[in-house]
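Down below is the structure, laid out as structure tokens.
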Amino acid sequence: MIRKTCSEGVGYSVVDLTDVRHVFAAAAPRCGGSLETQADDALKTIEAVIREEGTLGSIVHQVVFLGDYSQREEVRKIIRDFYGPEMPATTYVPQRPCDGGLISIEALGVGRKKGDVDILRFSDQLVLARHNNISWVHCANVVPQTAAAATYDRAIDAFQRMQALLRRADVRFDQVIRTWIYLGGIIDPEGDSQRYKELNRARADFYEGIAFLRDRMPVPQGTAYPAGTGIGADHRDVVMSCIALDTDRSDIIAMPLENPRQTPAFGYGCDYSPKSPKFSRAMALSCGSYATLFISGTASITNSETQHKGDVEAQTHETLNNIEALIDGSNLRRHHLPEMSSSLERLALARVYIKRKSDYPKVAAICKKRMGDVPTIYAVADVCRPDLLVEIEGIAFAERGTAGCTSGRC
């Protein structure tokens, strides 16, 4: 179901789900030189992958990691000129690539295998991909416009702008399945609080009363939130993006996953934050014999406590252990997804955030050994606790062996 190729800073996965081909690519420039030279090399590498897989023009979602965030407008022009009318929803993230380059790029393409895929490009912030009566809405690069300086106010403003963008595609916020929040100075103090705690307060207040994906779950859930990553960034502001799902099909199931090794983030005590982080450990989207698993930012935490303080290698292993426990068959069965199973080998895409750039070789070696040839972005970023040194997220796929999709078109 998954084909993967990785070499010389370039990796991609191809996932064929019945009649639709999904391509996940991660590219670091293979040359030095100017920002324009490096960006052009990374973009052309991704284009070559997409062309080879027969899905040219299919890129719908892209994330650009920048060593110097002040160059984002220059990069935006380069990218707009490169894609022209086929511009994907693109987020510019103020995180330095661990390999020392000026830029790295992650891209998602959704193209034809046998069936039709319609792509509606509203702007470089909003792209909708529709196939088999399923619409995937990609919302990117949402930044606050308020003059307020407080993290809480700026986060609320960004959430409201994201909601307004989704409305342009006739999608509600309760249909969001995955979010990313990049916050500069994430563990810095702010008044009597901390910037991450203020972000959590804003997210909790904005989410209040939203019944996420209630009509998609196989059994009623008392508490359900999208998968999410809240991670540090070099710039002081907040940047957000998300993916939402819109479909009338009754056979599409959404199931938030929690980890048996960890306390749910939304169940953390008030000693971590006055209002707990509102996200699920993963979101599973299932149709018949397949499931796509959106894995939230995961760190070296068991129950609710940080493990292996000061030891980046042990933290990396613990983080991967958490991901394994989250997506294995026993946990999927626990979440009403019987006979399905996944593993680190079934990751199609990964991101690894590393607090200290000097730890990159150690962390990358462990990830390579345990995850194999999965396209991976490595970026320098503070994690949400001062004692956490690494965080990992990804997209994995699960399969149910012989059971088929009821419609034959998943």
Side-chain angles (χ1 to χ4, degrees), residues 9 25-29 31-47 59-108 121-127 138-149 151 154-155 157-162 164-165 179-186 188 195 199 229-243 351 353-354 357 377-382 393:
C31 61
S34 68
L35 175 64
E36 182 176 5
T37 299
Q38 292 191 31
D40 186 65
D41 182 78
L43 288 165
K44 286 181 176 176
T45 298
I46 290 173
E47 181 186 51
I59 296 177
V60 293
H61 194 134
Q62 183 173 255
V63 185
V64 179
F65 299 83
L66 291 170
D68 184 351
Y69 194 56
S70 69
Q71 296 178 310
R72 63 190 179 279
E73 290 306 320
E74 179 183 351
V75 174
R76 180 176 288 168
K77 183 180 185 307
I78 293 169
I79 288 175
R80 283 175 171 169
D81 290 346
F82 185 86
Y83 284 105
E86 295 178 339
M87 183 72 188
T90 304
T91 299
Y92 300 88
V93 178
Q95 292 174 344
R96 291 166 289 151
C98 285
D99 63 4
L102 302 176
I103 189 172
S104 57
I105 300 175
E106 175 190 286
L108 165 62
R121 302 182 188 276
F122 293 86
S123 70
D124 63 355
Q125 285 187 284
L126 184 66
V127 172
H138 301 269
C139 186
N141 210 59
V142 181
V143 296
Q145 300 298 318
T146 178
T151 299
R154 298 191 71 76
D157 185 76
F159 278 121
Q160 291 170 343
R161 291 180 182 280
M162 185 184 293
L165 269 174
T179 65
W180 290 266
I181 305 174
Y182 310 94
L183 179 64
I186 190 169
D188 290 352
R195 286 172 64 79
L199 170 64
T229 295
I231 194 71
D234 292 336
H235 193 261
R236 286 293 293 180
D237 210 353
V238 60
V239 181
M240 298 185 184
S241 62
C242 74
I243 301 175
R351 279 193 221 167
Y353 305 100
I354 303 173
K357 184 180 176 181
I377 293 288
Y378 292 90
V380 180
D382 266 333
E393 64 174 72

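Residue numbers start at 1 and run along the sequence shown.
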Checklist entry - Should Arg195 and Leu199 count as side-chain neighbours, where that means a heavy-atom distance under 4.5 Å? => result no
Item to check | Inter-residue atom distance Ile103.CD1 - Gln71.CD, 0.5 Å rounding | outcome: 9.0 Å
Next on the checklist: Whether the side chain of Gln95 engages the backbone of Ala379 through a donor-acceptor N/O pair (distance < 3.5 Å, no angle test) should be reported.
Outcome noted: no
Checklist entry - Which atom pair, heavy atoms only, marks the closest approach of Ala140 to Ser241? => result CA-CB, 3.9 Å
Checklist entry - Got Ile181 and Val238 here, is their nearest side-chain heavy-atom distance under 4.5 Å? => result yes
Item to check | Ionic contact status for Glu47 with Lys44, cut-off 4.0 Å | outcome: no
Item to check | Any Thr90 side-chain heavy atom under 4.5 Å of Asn141 side chain | outcome: no
Next on the checklist: Are the side chains of Gln62 and Ile105 in contact, using a 4.5 Å heavy-atom criterion?
Outcome noted: yes
Next on the checklist: Set out, in order, the CA-CA distance, both residues' side-chain angles and the distance that settles side-chain contact (heavy atoms from CB on, under 4.5 Å) for Val93 and Val239, then state yes or no.
Outcome noted: CA-CA 7 Å; Val93 178; Val239 181; 5.7 Å; no
Checklist outcome for this item: Across all chains, not counting sequence neighbours, the salt bridge (charged side-chain N to carboxylate O under 4.0 Å, His left out) partners of Arg161 are Asp157
Checklist entry - Between Val143 and Gln145, is a side-chain contact (heavy atoms from CB on, under 4.5 Å) present by the stated rule, with each step listed? => result CA-CA 7 Å; Val143 296; Gln145 300 298 318; 3.5 Å; yes
Next on the checklist: To the closest 0.5 Å, what do you measure between CZ (Arg72) and CG (Leu66)?
Outcome noted: 9.0 Å
Item to check | Side-chain (Arg154) to main-chain (Ala148) donor-acceptor, under 3.5 angstrom | outcome: yes
Checklist entry - Can you tell if the side chain of Tyr83 reaches within under 4.5 Å of the side chain of Leu43, non-hydrogen atoms only? => result yes
Checklist entry - Which heavy atom in Pro85 sits nearest to a heavy atom in Arg121, and how many Å separate them? => result O-CD, 3.4 Å
Checklist entry - Below 4.5 Å, heavy atoms only, C-beta onward: do Arg76 and Val64 meet side chain to side chain? => result no
Item to check | Tyr182: side chain to side chain donor-acceptor pair (under 3.5 Å) partners, not counting sequence neighbours | outcome: Arg351
Next on the checklist: Can you tell me how far apart CE (Met240) and CG (Leu183) are? Round to the nearest 0.5 Å.
Outcome noted: 8.5 Å
Checklist entry - For Tyr69, which residues count as a ring-ring contact (aromatic ring centres under 6.0 Å, His included) partner, sequence neighbours excluded? => result His235
Checklist outcome for this item: Tightest non-hydrogen contact, residues Thr37 and Cys31, listed as CG2-SG, 3.8 Å
Checklist outcome for this item: Nearest heavy-atom approach of Ile78 to Glu36 is CD1-CA, 3.8 Å
Checklist entry - When you look at Trp180 and Thr91, which way does the side-chain contact (heavy atoms from CB on, under 4.5 Å) test go after all the steps? => result CA-CA 10 Å; Trp180 290 266; Thr91 299; over 6 Å; no
Next on the checklist: Distance check, rounded to the nearest 0.5 Å: Glu86 atom CD versus Ile59 atom CD1?
Outcome noted: 9.0 Å
Checklist entry - So do Tyr92 and Ile79 actually touch side chain to side chain, heavy atoms under 4.5 Å? => result yes
Checklist entry - Closest approach of Pro88 and Val127, non-hydrogen atoms and distance? => result C-CG2, 3.9 Å
Next on the checklist: What's the separation between atom NE2 in His61 and atom SG in Cys242, rounded to the nearest 0.5 Å?
Outcome noted: 8.5 Å
Checklist entry - Between OH of Tyr353 and CD of Glu393, what distance do you get to the nearest 0.5 Å? => result 3.5 Å
Checklist entry - Is the shortest heavy-atom distance from the side chain of Ile354 to the side chain of Val380 under 4.5 Å? => result no
Item to check | Exercise: identify the closest heavy-atom pair between His138 and Ala89 | outcome: O-CB, 3.6 Å
